[in-house]
Amino acid sequence: MIELMVLSVPGCPNLPLLEQRLAEALAGRPAVRVRRVIAGADEAARCGMCGSPTLLVNGHDPFAVPGVGPALACRMYQGEGGRLEGAPTVQALRRALERAGMRASLRASATGKPSLPSGPAARSQGDRSR
């Protein structure tokens, strides 16, 4: 199972777009979804939010850009044709979910145990929904 944490600032205008695209990318795949509203810079740093919205997959940001740190600002993602968008494309989300699933499968087969999520998402006290 993949754990997804969506981090956003209050009233983020791009949150509905990320949630719509994420639902399409999941297409019935089992996942635990956590939503967390981030109110301050310290909380953004603790959770790993590099702009709003940020998606953490099993505790890691698959769209992280080297050198970009925590922020309470709008986050932009590379869209089709190089255009900037408020959320990753459905295809980019599918690739991130597939990579996370493959990593979890590899860890499970190496240890003989199911892989558990790690990182900030695993430590969150956010609301859980499916």
From Met1 atom CE to Arg29 atom CZ, the distance as rounded to the nearest 0.5 Å:
12.0 Å
Is there side-chain contact between Leu97 and Leu4, with at least one heavy-atom pair below 4.5 Å?
yes
Measuring from atom CZ of Arg36 to atom CG of Leu7, what distance do you get when rounded to the nearest 0.5 angstrom?
7.5 Å
Rounded to the nearest 0.5 Å, how far apart are OG1 of Thr89 and CZ of Arg83?
10.0 Å
If you look only at distance, which donor and acceptor atoms sit under 3.5 Å apart when one is on a side chain in residues 14-25 and the other is two or more places apart or in another chain?
{"from": "Glu19", "atom 1": "OE2", "to": "Arg35", "atom 2": "NE", "distance (Å)": "2.7"}
{"from": "Arg21", "atom 1": "NH1", "to": "Glu85", "atom 2": "OE1", "distance (Å)": "2.7"}
{"from": "Arg21", "atom 1": "NH1", "to": "Ala87", "atom 2": "O", "distance (Å)": "3.0"}
{"from": "Arg21", "atom 1": "NH1", "to": "Pro88", "atom 2": "O", "distance (Å)": "3.3"}
{"from": "Arg21", "atom 1": "NH2", "to": "Glu85", "atom 2": "OE1", "distance (Å)": "2.9"}

Could you state the interatomic distance from CZ (Arg99) to CD1 (Ile2), rounded to the nearest 0.5 Å?
11.0 Å
Can you list, by chain and residue number, the hydrophobic cluster partners of Val37 when the side-chain cut-off is 4.5 Å?
none
Provide the closest heavy-atom pair for Gly86 versus Pro53 in the form atom of the first, atom of the second, distance.
O-CD, 3.6 Å
Would you mind writing out the side-chain donor-acceptor pairs for residues 61-73 within the sub-3.5 Å range, not counting sequence neighbours?
{"from": "Asp61", "atom 1": "OD1", "to": "Phe63", "atom 2": "N", "distance (Å)": "2.8"}
{"from": "Asp61", "atom 1": "OD1", "to": "Ala64", "atom 2": "N", "distance (Å)": "3.2"}
{"from": "Asp61", "atom 1": "OD1", "to": "Arg75", "atom 2": "NH2", "distance (Å)": "3.4"}
{"from": "Asp61", "atom 1": "OD2", "to": "Arg75", "atom 2": "NH1", "distance (Å)": "2.8"}
{"from": "Asp61", "atom 1": "OD2", "to": "Arg75", "atom 2": "NH2", "distance (Å)": "3.1"}

Same cluster or not: Leu26 versus Leu55, using hydrophobic residues (I, L, V, M, F, W, Y) connected whenever any side-chain heavy atoms lie under 4.5 Å apart?
yes
Members sharing Leu84's hydrophobic cluster (side chains within less than 4.5 Å)
Met76
Between Ser8 (side chain) and Ser52 (backbone), is there a donor-acceptor pair under 3.5 Å?
no
Starting from the C-alpha separation in whole Å, work towards a yes-or-no answer on side chain to side chain contact (heavy atoms under 4.5 Å, CB included) for Leu56 and Glu3.
CA-CA 8 Å; Leu56 302 179; Glu3 182 169 306; over 6 Å; no
Can you measure from CD (Glu98) to CG (Leu93) and round to the nearest 0.5 angstrom?
11.0 Å
Determine, stepwise, if the pair Gln91 / Glu80 fulfils side chain to side chain contact (heavy atoms under 4.5 Å, CB included).
CA-CA 10 Å; Gln91 294 80 8; Glu80 292 183 25; 3.9 Å; yes
